[in-house]
Amino acid sequence: MTPRVAAGIGDRLLDRALATAAGRAGAPGRIRFTELQLYYEMCRVLRPLHAVPRRLPLTPAPPVRYERFEEALRRHGAVPGLSASGPDPHPHPDPASVPAPRESREPSEVSEPSEPDLYDYGLPRLLVCQSRDVARMLLANDVHLEAACPVFAAGDLPLDPRLVTGLGRVEGATVHVLHDASADGIALTARVREAVPGVRVSSMGLVPRHATALHLISPRGPAPGPGPLALPAALEARERDWLAEGRFAEVESVPPARLLRTVLRLVRGPRTPSHSVWTGLRELRTAGFMTWPTNRPGDTRTTGDEPAPRDPVQG
């Protein structure tokens with residue numbers, strides 16, 4: 001087999017894997033997804049180690065280079081559900097002071113809200129994403145509406161002081177941080193905590209143990225410098241070793257549907273049980289439906305355990 005024929009067979013295999021990945025990434029319900037999420041979905045099609053039982057910790061390397069994926073994407077053409085890179089979800093008041101995002105994407109201008117009185121209300125929750133593309137993806141799928149939670153990117157730090165003031169008006173307000181399982185990603189939580197003093201900051205991941213449990217695709221980058229890594233004390237020794245090897249797992253490696261479900265569940269918090277006909281009937285049965293209340297001292301009425309007096313009209 002000549003190298004040209006082998007390359008043609010490889011291209012056809014990648015094209016089929018990309019078509020399958022495009023269908024999976026948008027399911028169910030026409031989910032919007034990023035290009036990097038589509039790449040990781042294609043990796044799962046080519047190497048389905050995500051189906052291995054979770055008790056076996058795995059973080060497999062990508063089975064195909066990103067350049068080969070881009071070639072297949074150009075051959076495929078338009079992909080339904082693929083979110084195009086657009087303007088930032090939220091502008092920064094001073095672009096010169098914005099730290100460079102993870103992939104050096106330039107911020108673009110978006111107009112300020114036309115209702116300034118929105119800043120006069122309390123804000124119970126807010127989400128900061130390390131990846132600007134992930135923030136766009138969550139907004140495109142209306143997570144900010146379903147969770148009643150503004151979504152920002154790490155490049156928007158520091159936040160508008162009016163937002164910080166709104167968080168301070170609500171007791172128990174929380175800023176959630178969604179970051180990669182990497183040394184820089186885990187350090188983002190401390191950065192956010194400094195940007196919103198006095199407000200509770202909660203990391204929703206990723207951390208290495210999430211990556212190994214979910215069998216996320218884990219590329220390998222350059223190993224950190226010889227100095228000690230500034231990592232939270234809650235990380236286990238094996239997680240620190242994993243990071244010290246230069247391993248990392250991006251948020252986009254989580255399947256889009258799972259990512260949306262997890263973000264909504266963690267941001268909204270525990271849900272109150274909904275009232276239904278059956279719960280109402282159970283409450284009536286335990287409350288003594290159509291019975292007299294228990295006698296009190298000096299009360300001549302009967303209790304629910306005693307027969308009620310007969311109606312004198314009926315005899």
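Quick caveat, the model's predicted, so the values are computed rather than measured.
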A.B. asks: Does anything in residues 52-78 form a ring-ring contact (aromatic ring centres under 6.0 Å, His included)? List the pairs, not counting sequence neighbours.
C.D. replies: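 Residue pairs passing ring-ring contact (aromatic ring centres under 6.0 Å, His included), neighbours aside: Tyr39-Tyr66, Tyr39-Phe69, Tyr66-Phe69.
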A.B. asks: Using the side chain to side chain donor-acceptor pair (under 3.5 Å) criterion, which residues pair with Arg261? Sequence neighbours excluded.
C.D. replies: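 Arg261 satisfies side chain to side chain donor-acceptor pair (under 3.5 Å) with no residue once adjacent residues are dropped.
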A.B. asks: If every non-hydrogen atom of Ile217 is compared with every non-hydrogen atom of Ala61, which pair is closest and at what distance?
C.D. replies: CG2-C, 4.1 Å
A.B. asks: With rounding to the nearest 0.5 Å, note down the distance linking CD in Gln37 to OG in Ser83.
C.D. replies: 8.0 Å
A.B. asks: In sequence, state the C-alpha distance, the side-chain angles, and the governing distance for Ser218 and Arg247, and then conclude on side-chain hydrogen bond (donor to acceptor under 3.5 Å, both in side chains).
C.D. replies: CA-CA 6 Å; Ser218 172; Arg247 304 294 296 272; 3.2 Å; yes
A.B. asks: If I take atom OG1 from residue Thr174 and atom CE from residue Met204, how far apart are they, to the nearest 0.5 angstrom?
C.D. replies: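 Result: 10.0 Å between the selected atoms.
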A.B. asks: Quick check: is Val263 connected to Met137 through a chain of hydrophobic side chains (ILVMFWY, heavy atoms under 4.5 Å apart)?
C.D. replies: yes
A.B. asks: Does the side chain of Val164 come within less than 4.5 Å of Leu123's, by heavy atoms?
C.D. replies: no
A.B. asks: Contact between Val134 and Leu138 at the side-chain level, heavy atoms closer than 4.5 Å - yes or no?
C.D. replies: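 Result yes, sub-4.5 Å side-chain heavy-atom pair found.
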A.B. asks: My understanding is that only residues two or more places apart in sequence, or in another chain, count here; which of them pass salt bridge (Lys or Arg N to Asp or Glu O under 4.0 Å) with Glu70?
C.D. replies: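 If we apply the salt bridge (Lys or Arg N to Asp or Glu O under 4.0 Å) test to Glu70, skipping adjacent residues, there are no hits.
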A.B. asks: I'd like to know if the side chain of Glu239 and the backbone of Arg209 have a donor-acceptor N/O pair within less than 3.5 Å.
C.D. replies: yes
A.B. asks: Can you tell me which residue pairs pass the salt bridge (charged side-chain N to carboxylate O under 4.0 Å, His left out) test with a partner in residues 16-30, sequence neighbours excluded?
C.D. replies: none
A.B. asks: Do Phe152 and Val199 land in one hydrophobic cluster if side-chain heavy atoms of ILVMFWY residues count as linked below 4.5 Å?
C.D. replies: yes
A.B. asks: Can a donor-acceptor pair be found, under 3.5 Å and without considering hydrogens, that links the side chain of Asn141 to the backbone of Arg32?
C.D. replies: yes
A.B. asks: Nearest 0.5 Å, please: how far is OG in Ser253 from CG in Leu214?
C.D. replies: 8.5 Å
A.B. asks: In the structure I gave you, are the side-chain heavy atoms of His176 and Val128 within less than 4.5 Å of one another anywhere?
C.D. replies: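 A side-chain contact under 4.5 Å is absent here.
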A.B. asks: Looking at every heavy atom in both Ala27 and Ala257, which two are closest together, and how far apart are they?
C.D. replies: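 Between these two residues, the closest heavy atoms are O-CB, 3.7 Å.
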A.B. asks: Side chains of Arg240 and Pro208: does their closest heavy-atom pair fall under 4.5 Å?
C.D. replies: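 No, every pair of side-chain atoms sits at 4.5 Å or beyond.
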A.B. asks: Among residues at least two apart in sequence or on other chains, which ones pass salt bridge (Lys or Arg N to Asp or Glu O under 4.0 Å) with Asp142?
C.D. replies: none
A.B. asks: Taking the side chain as C-beta and beyond, is there a heavy-atom pair between Val143 and Glu146 under 4.5 Å?
C.D. replies: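 Not touching, per the 4.5 Å side-chain cut-off.
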A.B. asks: In terms of side-chain geometry, is the basic nitrogen of Asp133 or Arg136 positioned less than 4.0 Å from the acidic oxygen of its partner?
C.D. replies: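 Between Arg136 and Asp133 there is a salt bridge, with a charged N closer than 4.0 Å to a carboxylate O.
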A.B. asks: Looking at residues at least two apart in the chain, or sitting in another chain, which of them share a side-chain contact (heavy atoms from CB on, under 4.5 Å) with Leu46?
C.D. replies: Leu13, Leu14, Ala17, Met42, Pro63, Val64
A.B. asks: Could you tell me which residues satisfy salt bridge (Lys or Arg N to Asp or Glu O under 4.0 Å) with Glu71, sequence neighbours excluded, listed by chain and number?
C.D. replies: Arg68
A.B. asks: In this structure, are over 12 heavy atoms from other groups packed under 6.0 Å from Glu67 atom CD?
C.D. replies: yes
A.B. asks: Using the side-chain hydrogen bond (donor to acceptor under 3.5 Å, both in side chains) rule, take Ser131 and Glu250 through it: C-alpha gap first, then chi angles, then the decisive distance, then the call.
C.D. replies: CA-CA 9 Å; Ser131 167; Glu250 297 176 289; over 6 Å; no
A.B. asks: Applying a strict under-4.5 Å side-chain criterion to I, L, V, M, F, W and Y, I'd like to know whether Val45 and Val79 cluster together.
C.D. replies: no
A.B. asks: Can you name the nearest heavy-atom pair linking Leu243 to Ala181, along with the distance?
C.D. replies: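 Smallest interatomic distance, heavy atoms only, reads CD2-O, 4.0 Å.
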A.B. asks: When you measure from the side chain of Arg125 to the backbone of Ala173, do you find a donor-acceptor pair of N or O atoms at a distance under 3.5 Å?
C.D. replies: no
A.B. asks: Test of understanding: with side chain to side chain donor-acceptor pair (under 3.5 Å), list the residues that count as partners of Glu245, not counting sequence neighbours.
C.D. replies: none
A.B. asks: Please enumerate all residues that pass salt bridge (Lys or Arg N to Asp or Glu O under 4.0 Å) together with Arg200, with sequence neighbours excluded.
C.D. replies: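 Residues passing salt bridge (Lys or Arg N to Asp or Glu O under 4.0 Å) with Arg200: none at all.
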A.B. asks: Report the C-alpha separation of Thr212 and Leu58 in whole Å, then their side-chain angles, then the decisive distance to 0.1 Å, and conclude whether the side chain to side chain contact (heavy atoms under 4.5 Å, CB included) test is met.
C.D. replies: CA-CA 5 Å; Thr212 55; Leu58 292 174; over 6 Å; no
A.B. asks: Taking only residues two or more places apart in sequence, or in another chain, which ones meet Tyr40 in a ring-ring contact (aromatic ring centres under 6.0 Å, His included)?
C.D. replies: none
A.B. asks: For the atom pair CG (Leu235) and CG (Asp241), what is the distance rounded to the nearest 0.5 Å?
C.D. replies: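 That separation rounds to 11.0 Å.
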A.B. asks: Can you find a pair of side-chain heavy atoms, one from Val151 and one from Cys129, that are under 4.5 Å apart?
C.D. replies: yes
A.B. asks: What residues, two or more places apart in sequence or in another chain, satisfy side chain to side chain donor-acceptor pair (under 3.5 Å) together with His179?
C.D. replies: Ser203
A.B. asks: Is the backbone N or O of Leu36 less than 3.5 Å from a side-chain atom of Glu252, with the two atoms forming a donor-acceptor pair by type?
C.D. replies: no
A.B. asks: Would Glu35 and Leu38 count as a side chain to side chain contact (heavy atoms under 4.5 Å, CB included) here? Give the steps.
C.D. replies: CA-CA 5 Å; Glu35 185 174 299; Leu38 180 59; 5.6 Å; no
A.B. asks: Work out which heavy atom in Ala154 is nearest to a heavy atom in Arg191; give both atom names and the distance.
C.D. replies: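 Heavy atoms of Ala154 and Arg191 come nearest at O-NH2, 3.6 Å.
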A.B. asks: Looking at Leu82 and Thr34, what are the two nearest heavy atoms and their distance?
C.D. replies: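 Nearest pair, atom of Leu82 first, then Thr34: CD1-C, 3.5 Å.
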A.B. asks: Rounded to the nearest 0.5 Å, what separation is found between the NE2 atom of His144 and the CG atom of Leu126?
C.D. replies: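 Reported to 0.5 Å precision, the distance equals 12.5 Å.
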A.B. asks: How far apart are the closest heavy atoms of Pro232 and Ile186, and which atoms are they?
C.D. replies: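 In terms of heavy atoms, the two residues are closest at CD-CG2, 3.3 Å.
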A.B. asks: Measure the OG-CG distance between Ser182 and Leu206 for me, rounded to the nearest 0.5 Å.
C.D. replies: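 Spacing of OG (Ser182) from CG (Leu206) equals 9.0 Å.
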A.B. asks: Residues in side chain to side chain donor-acceptor pair (under 3.5 Å) with Asp15, at least two apart?
C.D. replies: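 Partners of Asp15 by the side chain to side chain donor-acceptor pair (under 3.5 Å) criterion, ordered by chain and then number, come out as Arg75.
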A.B. asks: So do Trp242 and Thr59 actually touch side chain to side chain, heavy atoms under 4.5 Å?
C.D. replies: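 Yes, at least one pair of side-chain atoms sits under 4.5 Å.
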